[in-house]
Amino acid sequence: KDKARLGTLVHQKTSAVVALTGVNKEDESQLKIFQNLGMEKFNKNSDLTRKWGGGIMGLKTQAKLDKRAKAVAAEEAKKAASLKR
């Protein structure tokens with residue numbers, strides 16, 4: 001939808017980017033409005049930032065980490081037992 005609107009500006013079907021080299025004085029206020037809309041819609045929109053995963057690990061990784069945690073706990077138990085002697 002937005003690419004089509006930019007396309008109408010440059011007399012094409014669609015356009016992803018438009019570079020403006022000059023603006024008439026009477027159109028500067030309209031350009032500022034478009035600039036602010038673009039900034040609010042894309043640059044300052046925190047909903048558009050990617051949210052990867054969610055911290056959920058696969059079964060293999062969970063099993064590997066559980067095994068590693070048990071090994072560390074066993075090692076700590078051995079160390080604590082040797083220190084008590």
Side-chain angles (χ1 to χ4, degrees):
K1 187 175 178 180
D2 293 327
K3 285 174 63 175
R5 288 183 182 159
L6 282 178
T8 58
L9 182 66
V10 293
H11 306 293
Q12 298 289 324
K13 185 175 179 182
T14 60
S15 176
V17 178
V18 174
L20 301 175
T21 58
V23 180
N24 294 336
K25 289 285 186 189
E26 60 269 7
D27 295 331
E28 281 185 8
S29 62
Q30 191 70 22
L31 178 64
K32 282 288 186 192
I33 292 171
F34 285 133
Q35 182 182 6
N36 291 337
L37 285 174
M39 291 291 282
E40 289 295 324
K41 188 169 184 180
F42 298 107
N43 294 5
K44 296 179 182 177
N45 191 353
S46 62
D47 294 336
L48 292 179
T49 56
R50 292 181 183 246
K51 297 172 181 69
W52 296 95
I56 301 170
M57 293 179 280
L59 292 175
K60 292 180 189 176
T61 306
Q62 287 177 0
K64 180 175 64 172
L65 292 176
D66 288 342
K67 185 177 177 182
R68 190 180 297 161
K70 286 180 185 177
V72 168
E75 187 68 30
E76 289 293 323
K78 285 182 186 178
K79 195 181 288 186
S82 68
L83 289 176
K84 287 183 180 179
R85 288 183 183 188

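None of the values given here were measured: they were computed from a predicted structure.
- Looking at every heavy atom in both residues, M57 comes nearest to Q62 through O-NE2, 3.1 Å.
- Hydrophobic clustering, with ILVMFWY side chains joined whenever heavy atoms are under 4.5 angstrom apart, groups V10 together with L20.
- Summarising the local packing, CG of L59 is surrounded by 12 or fewer heavy atoms from other residues, nucleotides or ligands at distances under 6.0 Å.
- The two residues A16 and L6 make their nearest non-hydrogen contact at O-CD1, 3.6 Å.
- The NZ atom of K3 lies 12.5 Å from the CD atom of Q12; values are rounded to the nearest 0.5 Å.
- E75 places none of its side-chain heavy atoms less than 4.5 Å from the side chain of V72.
- In this structure I56 satisfies the side chain to side chain contact (heavy atoms under 4.5 Å, CB included) test with no other residue, sequence neighbours excluded.
- Taken together through direct or relayed side-chain contacts under 4.5 Å among Ile, Leu, Val, Met, Phe, Trp and Tyr, L9 and L37 form parts of separate hydrophobic clusters.
- With sequence neighbours excluded, the residues that form a side chain to side chain donor-acceptor pair (under 3.5 Å) with D2 are K41.
- The structure places OG1 of T61 at 9.5 Å from CZ of R68, a figure rounded to the nearest 0.5 Å.
- Rounding to the nearest 0.5 Å gives a distance of 5.0 Å between NZ of K44 and CE of M39.
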